[in-house]
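One structure below.
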Amino acid sequence: MKIGFASLYPYRPHLKHMAYLASQAKRQGHEVIFLELGSGFKHCLPKLGESWKTKSLVSLKHKYAGLSGFLSSDKDILSDLVKKKVKSNPVKFRYSAMSTVASKYGVSSKAQLDSQRMVRLIQKNTETISEAYEGSLEWLNKRDFDLVIGFNGRIDVTNALMQACLDSDIPYFSLERSWTGIGVQLVKNGTPLSLSSVNNVVSTWASKPLKSHQIAKAFSFIVNRFSGEAFGEYKQWCSDQKMGLVEQSYGWLYTPSSIFERIGHPDWAVGWESDMEAVEFLLRTKSVDPSKLVVRGHPQWHIHSPDSDEIYSEWCAKLGAKYIESNSNISTQELIFNTENMISFGSTSAFEAAIFGKTVFNLSPTFYQDGGFTINLFSKEICAEQLLPTLPQKEVIRLCLRTLYSINYRHMKLTDEIKAISNYDYVFKSIENNDFFLDLTENDSFVSDADACADLLDEDEFLNELLEDIRGRVFDKSFLENYKTRNGIIEIDYRSNPAFKDMSRMGLSKLIDLVDKYVR
């Protein structure tokens, strides 16, 4: 096959993932061609609203930090492929421009995007997307690919490439790091926020029992989160939080999501005007006293969206609920344990509540909605009609573990070949499946692990033991280690395994790694 690899933004861990996949494609005999951004596109994400100095530094990084620093191959430059000045297409690229601006400036609601400054930035970004789209079409026509793999597919120029592939009937896979750092996320003809493929995997496998080694992998992720050792996750927002500061129990806990990126995405469309409206309606229809509600500001707000703290603090004061600021060192996980019911707007903290068997009311579409462990209330009609149910504690935990395993070890690809050693650094080993790239394009049901247990014995044994002291066994890693030992589960230390290697730049390109280390 002829495969195009487009790492238009040479940042973050994904660049090494892309270089690794390109090297494996070449090893398996495929023709590989790179696409890099170039120094054009003056209103792309890292240049948008920035000074001349910042824009100049960004252009240098785009020019010298791409895939060509890792391995040699044919290379094209996207900005050089734009042949003419084009009109922006506000309808076709509205979501991407809104999402790009919202994520850069920490916008937490659609209303904030209506300010004059945000409208102006969205317009400028839309112009850049339109230009990148024309250049992408030129690239596809010039090269006649069988498959294109590109970073992200959501952000401005990356979305332009994805749309060009869709319009040209060329299979496109959006590459992103995985949630846990194990494997890689490859979404066919969509962005990392597209829900159809992951929801299909989650719903398909929700009824399939896990084997002991699969239970251990799923539970490890949760335990690592509770112990502060989930280093494979890109952001460690809760590392400064402390236990022992929660002095009472609560009836309800709401953990607002960092929704910057998904604003406007069609897969995340919901029947609520806002998350606040949804929470208020839930409390009102279920006759819940707001004084029993605590709202925990998202830990990243004090860095990326300080306005959100003010908005939610004022809202809680109006409701009569308790608000905990985003920079508070009170442990969110201890709050979860000391709360009877959890309210989520698609937040990953739903898993931390579900592992205790808590009732989770989820008010937004999300990647775990079909796992069966949450009560999904996506509109006023559904919320008003549904009684206040509770799911059996044991079944909530069971379905939570199955969902975690499906997302992290079935939906993610190459989970045996790609491993995080920190939130930025990875090691890789050769792909043993010589048909991997063909499977990507031709097999829509391709999952990394199609194994399952024939009965509930492994799950029931684990769950019965967990429930004997659920708090201690979630917060203390010794239970998990003993479980793995008893079941003969041996984990290979891939840091010292010679089969795993780093992806390193060649020659003088290594200087870029030194720069990136200090400016990331």
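Quick caveat, the model's predicted, so the values are computed rather than measured.
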### Query
Do Y105 and D307 have a side chain donor and acceptor closer than 3.5 Å?
no
### Query
Rounded to the nearest 0.5 Å, how far apart are CZ of R262 and CG of L193?
8.5 Å
### Task
For the pair H298 and W301, name the ring-plane relationship: parallel under 30°, tilted 30 to 60°, perpendicular over 60°.
tilted
### Query
Under the salt bridge (Lys or Arg N to Asp or Glu O under 4.0 Å) criterion, do K42 and E131 qualify, and how do the steps go?
CA-CA 11 Å; K42 62 182 179 180; E131 290 179 4; over 6 Å; no
### Task
Look at E127 together with K124 and state whether they make a salt bridge at an N to O cut-off of under 4.0 Å.
no
### Task
Flag yes if more than 12 heavy atoms outside K292 fall under 6.0 Å of its NZ atom; otherwise flag no.
no
### Task
Decide yes or no for S88 and Q123: does some side-chain heavy atom of the first lie under 4.5 Å from some side-chain heavy atom of the second?
yes
### Query
Would you say I470 and Q393 make side-chain contact, with heavy atoms under 4.5 Å?
yes
### Task
Describe, in one word, how the ring planes of W272 and F281 are oriented to each other, choosing from parallel (under 30°), tilted (30 to 60°) and perpendicular (over 60°).
tilted
### Query
Between K92 and D167, is a salt bridge (Lys or Arg N to Asp or Glu O under 4.0 Å) present by the stated rule, with each step listed?
CA-CA 12 Å; K92 192 179 190 73; D167 292 344; 3.0 Å; yes
### Message
Quick check against the 3.5 Å criterion: does N125 have a side-chain atom that pairs as donor or acceptor with the backbone of M98?
### Response
no
### Task
Ignoring hydrogens and angles, state whether a donor on the side chain of Y95 or T191 is under 3.5 Å from an acceptor on the partner side chain.
no
### Task
Might you point out which heavy atoms bring F356 and R471 nearest each other, and give the distance in Å?
CE2-CA, 4.1 Å
### Message
Does F41 form a side-chain contact (heavy atoms from CB on, under 4.5 Å) with V58? I'd like the steps, not just the answer.
### Response
CA-CA 11 Å; F41 306 113; V58 166; over 6 Å; no
### Query
What's the spacing between L8 CG and L161 CG if we round to 0.5 Å?
6.0 Å
### Task
Report, as yes or no, whether the 6.0 Å neighbourhood of atom NZ on K322 holds more than 12 heavy atoms from other residues, nucleotides or ligands.
no
### Query
If you measure only the distance, is there a donor-acceptor pair under 3.5 Å linking the side chains of T54 and S51?
yes
### Query
Y9 and D156: side-chain donor and acceptor closer than 3.5 Å?
yes
### Task
Return the orientation label for the W179 and F351 ring planes: parallel under 30°, perpendicular over 60°, tilted otherwise.
tilted
#### Entry: Atom pair OG1 (T180) and CG (N224), whose distance is rounded to the nearest 0.5 Å
10.0 Å
### Task
Can you label the angle between the F479 ring and the F462 ring as parallel, tilted or perpendicular, going by 30° and 60°?
tilted
### Query
Would you say the side-chain atoms of D476 pair up with the backbone N or O of G472, donor to acceptor, closer than 3.5 Å?
no
#### Entry: Reported CD-to-CG distance for the pair E461 and L456, which is rounded to 0.5 angstrom
12.5 Å
### Query
Hey, do the aromatic rings of Y11 and F151 have their centres closer than 6.0 Å?
no
### Message
Tell me whether E395 at atom CD has more than 12 heavy atoms from other residues, nucleotides or ligands lying less than 6.0 Å away.
### Response
yes
## Note on the structure
When rounded to the nearest 0.5 Å, the distance separating CG of N199 from OG1 of T204 is 10.0 Å
### Query
Can we say D460 and R398 salt-bridge, meaning some charged N sits less than 4.0 Å from an Asp/Glu carboxylate O?
yes
### Residues F219, L401; criterion side-chain contact (heavy atoms from CB on, under 4.5 Å); working and verdict
CA-CA 7 Å; F219 190 61; L401 291 171; 4.1 Å; yes
### Query
What are the two closest heavy atoms between D449 and R410, and how far apart are they?
O-NH1, 2.7 Å
### Y405 six-ring face occupied by K211 cation (under 6.0 Å, within 45°)
no
### Task
Could you tell me which non-hydrogen atom of I170 sits nearest to which non-hydrogen atom of N189, and how far apart they are?
O-OD1, 4.2 Å
### Summary
So the salt bridge (charged side-chain N to carboxylate O under 4.0 Å, His left out) pairs with at least one residue in residues 351-377 (sequence neighbours excluded) are R225-E352
### Query
So which heavy atom on M342 is nearest to which on S349, and how close?
CE-OG, 3.0 Å
### Message
Restricting to non-hydrogen atoms, name the atom on I215 and the atom on Y483 that form the minimum distance, rounded to 0.1 Å.
### Response
CD1-OH, 3.9 Å
### Query
What do you reckon, is NZ of K394 surrounded by more than 12 foreign heavy atoms closer than 6.0 Å?
yes
### Task
List the atom of N159, the atom of S96, and the distance in Å for their closest heavy-atom pair.
CB-OG, 3.2 Å
### Message
Would you compute the distance between atom CG of L293 and atom OG1 of T339 and round it to the nearest 0.5 angstrom?
### Response
9.5 Å
